[in-house]
Amino acid sequence: MRRLFWPLILGLVGCGILVALGIWQLQRLAWKEEMLAQIDAAILAPPVPVPLHPTAEGDRYLPVTAVGRFTDKEILVLSSRQGEGPGYRVITAFVTADGRRILVDRGFLPEMERGIPRPGVEATITGNLQWPRDSDSYTPPPDAKTGIWFARDVPAMAEQLETEPLLVVLRTSTEMTPAAEPVPVGAEGIPNNHLQYAVTWFLLAVVWAGMTGYLLWRITRENHRKPAQRKPAR
């Protein structure tokens, strides 16, 4: 029995830790689903005028509306879309009726349509404020020859197009011929893998329990064999 004690303790502790991690991931799943539901509700709320001093902390996903005019000043950000291949996100300077200049992400443009003219046009737009996190230390700078960007860097794009560092991701527009297909903000892009993590931890707990059971069986088997292997005393 002494040889079984520590393997049994190790097995029970290991299984307990793995099961606890699985339960924690289920709790995280419930929290994430509630958060995503709140984000969805915020995204689809009635739009408001673009605030004067929005912040990423307090106004991310805020639905807004504005009346004004798309200019012909734009940035094309390299992108792709499942089923359509490579293309661009069209970022255009938009002048509101009260004279503000903001950035509008008009959506996805297939690569073959890059050369189609996109002149300035008046429109009423609705969309959501967003501060994308597309770039990191490995993102290359915009290509000087082609003018193509590789990430939506709001401060840099605002400097390039002479606008406020404020981006509206388009949901709808009254322009007769849209310059691109809108890609509205949605919670579906936020990862939620907690169920997968929970299943992984529970499966590891099953494997750990199986390995522990096998080890205990081996020890018990060896203990039963030892008396039979002893040589009789002369």
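Using a 4.5 Å heavy-atom cutoff, the side chains of Leu167 and Leu129 are not in contact. Using a 4.5 Å cut-off on side-chain heavy atoms (C-beta onward), Ser79 and Tyr88 make no contact. Put simply, the side chain of Leu166 reaches to within 4.5 Å of the side chain of Ile102, judged on heavy atoms. Val121 is not listed as a side-chain neighbour of Arg69, based on a closest heavy-atom distance of 4.5 Å or more. Contact check for Trp149 versus Ile91: no side-chain heavy atoms found under the 4.5 Å cut-off. Here the side chains of Leu26 and His194 are not in contact, with every heavy-atom distance at 4.5 Å or above. Inter-residue side-chain proximity for Leu10 and Thr212 is flagged as unmet; no heavy-atom pair is nearer than 4.5 Å. Counting heavy atoms from C-beta on, the side chains of Ile43 and Pro63 never come closer than 4.5 Å.
A donor-acceptor pair is defined here as one N or O able to donate and one able to accept, closer than 3.5 Å; no such pair exists between the side chain of Thr65 and the backbone of Val48. A donor-acceptor pair under 3.5 Å is formed between the side chain of Arg101 and the backbone N or O of Glu162. Between the side chain of Thr96 and the backbone N or O of Ala66 there is no donor-acceptor pair closer than 3.5 Å. Side-chain atoms of Asp59 never come within 3.5 Å of backbone atoms of Leu62 as a donor-acceptor pair (strictly under, hydrogens ignored). A side-chain donor-acceptor contact under 3.5 Å links Asn128 to the backbone of Tyr61.
Residue pairs satisfying the ring pair (Phe, Tyr, Trp, His ring centres under 6.0 Å) criterion with at least one member in residues 90-122, sequence neighbours excluded, are listed as follows: Phe70-Phe94.
Atom CZ of Arg114 is separated from atom CG of Leu76 by 6.0 Å, given to the nearest 0.5 angstrom. Expressed to the nearest 0.5 Å, how far CZ of Phe150 lies from CD1 of Ile148 amounts to 7.5 Å. Between the CG atom in Leu8 and the CD1 atom in Ile219 there is a gap of 9.5 Å [rounded to 0.5 Å]. If you take CG on Leu103 and CD on Gln160, they are separated by 10.5 Å, rounding to the nearest 0.5 Å. Between Asp134 atom CG and Thr139 atom OG1 the span is 8.0 Å, to the nearest 0.5 Å. Rounding to the nearest 0.5 angstrom, the gap separating the CG atom in Leu78 from the CG atom in Asp143 is 10.0 Å.
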Going through the distances and angles, do Asn192 and Leu36 end up as a side chain to side chain contact (heavy atoms under 4.5 Å, CB included)? CA-CA 9 Å; Asn192 182 15; Leu36 293 177; 4.0 Å; yes
Passes side chain to side chain contact (heavy atoms under 4.5 Å, CB included), Leu52 versus Arg100? Steps please. CA-CA 9 Å; Leu52 288 176; Arg100 296 176 64 184; 3.8 Å; yes
Given the rule in the side chain to side chain contact (heavy atoms under 4.5 Å, CB included) test, do Arg81 and Glu181 qualify, once you have shown the distances and angles that lead to the verdict? CA-CA 11 Å; Arg81 201 169 186 181; Glu181 183 179 351; 3.1 Å; yes
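No single ILVMFWY cluster, assembled from side-chain heavy atoms under 4.5 Å apart, contains both Leu21 and Val207. At a threshold of 4.5 Å between side-chain heavy atoms, the hydrophobic network of Ile, Leu, Val, Met, Phe, Trp and Tyr places Trp24 and Trp208 in two separate groups. Ile39 and Trp131 are assigned to two separate hydrophobic clusters, defined by single-linkage of ILVMFWY side chains at heavy-atom distances under 4.5 Å. Following chains of ILVMFWY side-chain contacts shorter than 4.5 Å, one cannot reach Val67 starting from Val64, and the two form parts of different hydrophobic clusters. Clustering ILVMFWY residues whenever any of their side-chain heavy atoms sit less than 4.5 angstrom apart, transitively, puts Ile125 in a cluster other than the one holding Val185.
In this structure, Arg118 does not pair ionically with Asp72, as no charged nitrogen and carboxylate oxygen lie closer than 4.0 Å.
A side-chain N or O of Thr126 and one of Thr172 form a donor-acceptor pair less than 3.5 Å apart.
Shown here for Ala205 and Val19, the closest heavy-atom pair between the two residues is CB-CG2, 3.8 Å. Summarising the geometry of Pro132 relative to Val154, their closest heavy-atom pair is CD-CG2, 3.6 Å, with the distance given to 0.1 Å. Smallest separation of non-hydrogen atoms from Asp153 and Pro155: OD1-CD, 3.1 Å. Of all the heavy atoms in Gly22 and Ala198, the pair that sits closest is O-CB, 3.6 Å. Nearest heavy-atom pair across Ala180 and Pro182 is O-CD, 3.3 Å.
Not counting sequence neighbours, the partners of Glu175 by the salt bridge (Lys or Arg N to Asp or Glu O under 4.0 Å) test are Arg106.
The number of heavy atoms from other shown groups lying within 6.0 Å of NZ (Lys73) does not exceed 12. More than 12 heavy atoms of other residues, nucleotides or ligands shown are found within 6.0 angstrom of CE on Met35.
A cation-pi geometry, defined here as NZ or CZ lying under 6.0 Å from the six-membered ring centre and within 45° of its normal, does not hold between Arg28 and Tyr197.
Residue Leu170 forms a side chain to side chain contact (heavy atoms under 4.5 Å, CB included) with just one option from Val104, Asp105, Thr92, Val183, and that option is Val104.
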